[in-house]
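Here the structure is laid out as structure tokens; the discussion comes afterwards.
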2 protein chains.
Amino acid sequence: MTKKISSLSYSISDLSKEFDITTRSIRFYEDQGLIAPSRKGQTRIYNQRDRVRLKLILRGKRLGFSLAETGRLFELYDVDKTSATQLNSIMSLISDKKSDLKQQLDDINAVLIELDDLEKNCKDILSSLENNK
Amino acid sequence: MTKKISSLSYSISDLSKEFDITTRSIRFYEDQGLIAPSRKGQTRIYNQRDRVRLKLILRGKRLGFSLAETGRLFELYDVDKTSATQLNSIMSLISDKKSDLKQQLDDINAVLIELDDLEKNCKDILSSLENNK
DNA sequence: GCACAACTTTACGTTAACGTAAACTTCATA
DNA sequence: TATGAAGTTTACGTTAACGTAAAGTTGTGC
């Protein structure tokens with residue numbers, strides 16, 4: 001299944017190569033309900049939407065999101081937000097995520113500063129080693 | 001072991017309460033070599049340095065660092081950086097971490113924008129629901 | 001002196017996120 | 001036609017980060 005089926009669909013190995021993950025992982029994400037590719041016979045066929053979802057899953061992982069959390073974020077887009085109570089619960093979920101992420105921003109900036117500092121120290125020591133040759 | 005031993009030391013439950021984690025976790029971090037409290041008899045006594053380390057471990061977790069990764073970051077501070085080759089390997093490790101974190105910054109900002117957008121949509125729908133009462 | 005709260009060690013259990021192996025089907029190509 | 005590459009399902013194995021339970025020790029209040 002090396003050749004593309006159409007310009008907008010992908011095989012499982014296409015995606016596994018593009019994102020550098022195993023086909024096992026991709027099938028697992030489907031198992032967990034995060035992707036739902038169509039089939040041709042029993043072969044999975046991924047479209048653009050599936051691809052975007054995969055990308056979002058991986059971004060979520062980089063941010064330390066569990067697959068379940070990423071799944072809930074997906075639902076936020078899919079649910080038809082009819083009732084006001086539903087809308088409010090969604091909004092509180094969003095606001096929770098936002099404060100989590102803002103905390104992460106602070107964390108990252110703090111660590112970046114520390115790493116810069118550490119890097120500078122290393123450079124100083126290195127250059128003093130060079131001079132004393 | 002409710003009372004403080006001195007103004008600068010803590011019992012395991014002091015720390016578990018302060019950081020809202022179980023004593024099991026704290027002992028586990030010790031097991032993994034991330035903390036090394038002193039002992040009075042067989043009872044663990046944590047000092048200010050241990051406390052700071054705990055705080056750093058939890059920050060690492062928020063950033064999706066494994067305990068092993070956090071441990072390596074600790075080592076960066078502890079190692080006496082004698083040889084130039086060691087220094088260079090440390091610096092490449094630092095630069096790896098830095099680019100990871102910068103990627104995370106981008107990720108977070110992207111998600112924050114999406115969440116803001118989603119939030120705005122919810123608010124719009126909510127207010128239109130209010131008006132049609 | 002004894003209950004009891006907080007500490008300890010030892011060790012097996014659990015969950016998420018896959019890895020890995022086996023046994024099978026499809027399809028292109030030599 | 002057969003061989004090999006890519007796909008499939010089923011199912012057991014693995015690792016990190018703890019949870020949980022058992023069984024014992026230690027200090028403190030009544």
Side-chain angles (χ1 to χ4, degrees), chain A residues 1-6 9-47 50-51 53-74 100, chain B residues 1-6 9-47 50-51 53-74 100:
Chain A
M1 212 125 284
T2 279
K3 214 194 288 177
K4 278 196 188 165
I5 292 154
S6 103
S9 61
Y10 311 88
S11 72
I12 193 166
S13 57
D14 286 342
L15 295 183
S16 88
K17 278 166 199 156
E18 174 174 1
F19 295 113
D20 195 31
I21 54 179
T22 64
T23 59
R24 175 68 176 94
S25 297
I26 298 178
R27 293 198 192 93
F28 183 73
Y29 300 151
E30 179 178 349
D31 235 51
Q32 302 301 302
L34 296 182
I35 321 178
S38 57
R39 301 267 178 150
K40 184 187 177 183
Q42 64 173 2
T43 301
R44 291 167 174 82
I45 298 175
Y46 300 85
N47 61 19
D50 298 323
R51 220 199 85 174
R53 285 219 163 189
L54 240 188
K55 200 181 276 192
L56 293 176
I57 292 170
L58 299 179
R59 188 179 70 184
K61 300 201 67 179
R62 288 197 301 269
L63 295 179
F65 287 24
S66 71
L67 294 181
E69 283 180 309
T70 300
R72 295 186 67 185
L73 285 178
F74 285 169
D100 277 7
Chain B
M1 212 123 286
T2 280
K3 214 193 293 176
K4 279 196 186 162
I5 293 153
S6 101
S9 60
Y10 310 87
S11 73
I12 194 166
S13 57
D14 286 342
L15 294 182
S16 88
K17 279 166 199 159
E18 175 173 1
F19 294 113
D20 195 32
I21 54 179
T22 64
T23 59
R24 175 69 176 92
S25 298
I26 299 178
R27 293 197 193 94
F28 183 72
Y29 300 150
E30 179 178 349
D31 235 50
Q32 303 301 304
L34 296 182
I35 322 178
S38 58
R39 300 269 178 147
K40 185 187 174 184
Q42 66 173 1
T43 301
R44 291 167 174 81
I45 297 174
Y46 300 85
N47 60 20
D50 299 322
R51 221 199 82 173
R53 286 219 163 188
L54 241 187
K55 199 180 277 190
L56 293 176
I57 292 171
L58 298 180
R59 188 180 67 184
K61 300 202 69 182
R62 286 197 303 269
L63 295 179
F65 288 24
S66 70
L67 294 181
E69 283 180 310
T70 300
R72 294 185 68 183
L73 285 179
F74 285 169
D100 278 8

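Order of the sequence lines sets the chain letters (A, B, ...), proteins ahead of strands, with each chain counted from 1. Not measured: the values here are computed from a predicted model.
- Residues that satisfy the side chain to side chain contact (heavy atoms under 4.5 Å, CB included) test with A/Arg53, not counting sequence neighbours, are A/Arg49, A/Phe74, A/Asp78.
- Here the C1' atom of nucleotide D/dG7 and the CD1 atom of A/Ile45 are 12 Å apart, to the nearest Å.
- Between D/dG7, C/dC18, C/dA6, one nucleotide has an atom nearer to the side chain of A/Lys61 than all others, and that is C/dC18.
- Between B/Gln42 atom CD and D/dT26 atom P the separation is 6 Å, expressed in whole Å.
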Full working for side chain to side chain contact (heavy atoms under 4.5 Å, CB included) between A/Leu73 and A/Phe65
CA-CA 10 Å; A/Leu73 285 178; A/Phe65 287 24; 3.3 Å; yes

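- One can place CG of B/Asp31 at 12 Å from C1' of D/dA17, the figure rounded to the nearest angstrom.
- Rounded to an integer number of Å, the gap from B/Phe65 CZ to D/dA17 C1' is 17 Å.
- More than 12 heavy atoms of other shown residues, nucleotides or ligands fall within 6.0 angstrom of atom CG in B/Asp31.
- As rounded to whole Å, 10 Å separates atom P of D/dC18 from atom CG of B/Leu34.
- Minimum atom distance to the side chain of A/Leu67 is reached by C/dC18, of the listed D/dG7, C/dT8, C/dC18.
- One atom, CZ of B/Arg72, and another, P of D/dA16, lie 14 Å apart when rounded to the nearest Å.
- Of the residues in residues 21-29 of chain A, A/Thr22, A/Arg24, A/Ser25, A/Phe28, A/Tyr29 come within less than 4.0 Å of DNA chain C through at least one heavy atom, sorted by number.
- Side-chain nitrogen and oxygen atoms of B/Thr43 include none within less than 4.0 Å of the OP1 or OP2 phosphate oxygen of C/dA6.
- Put simply, A/Arg44 has a side-chain N or O that comes within less than 4.0 Å of OP1 or OP2 on D/dT8.
- No more than 12 heavy-atom neighbours from other residues, nucleotides or ligands sit within 6.0 angstrom of CZ on B/Arg72.
- Residues B/Phe19 and B/Ile26 form no side-chain contact, since every pair of their non-hydrogen atoms from C-beta on lies 4.5 Å or further apart.
- The closest side-chain donor-acceptor pair between B/Ser13 and B/Ser16, if any, does not fall under 3.5 angstrom.
- Rounding to whole angstrom units, NZ of residue B/Lys40 and C1' of D/dT26 are separated by 11 Å.
- Between B/Ile45 and B/Ser9, the shortest heavy-atom distance links the atoms CG2-CB, 3.7 Å.
- The CD1-C1' distance, from B/Ile12 to C/dA5, rounds to 15 Å in whole Å.
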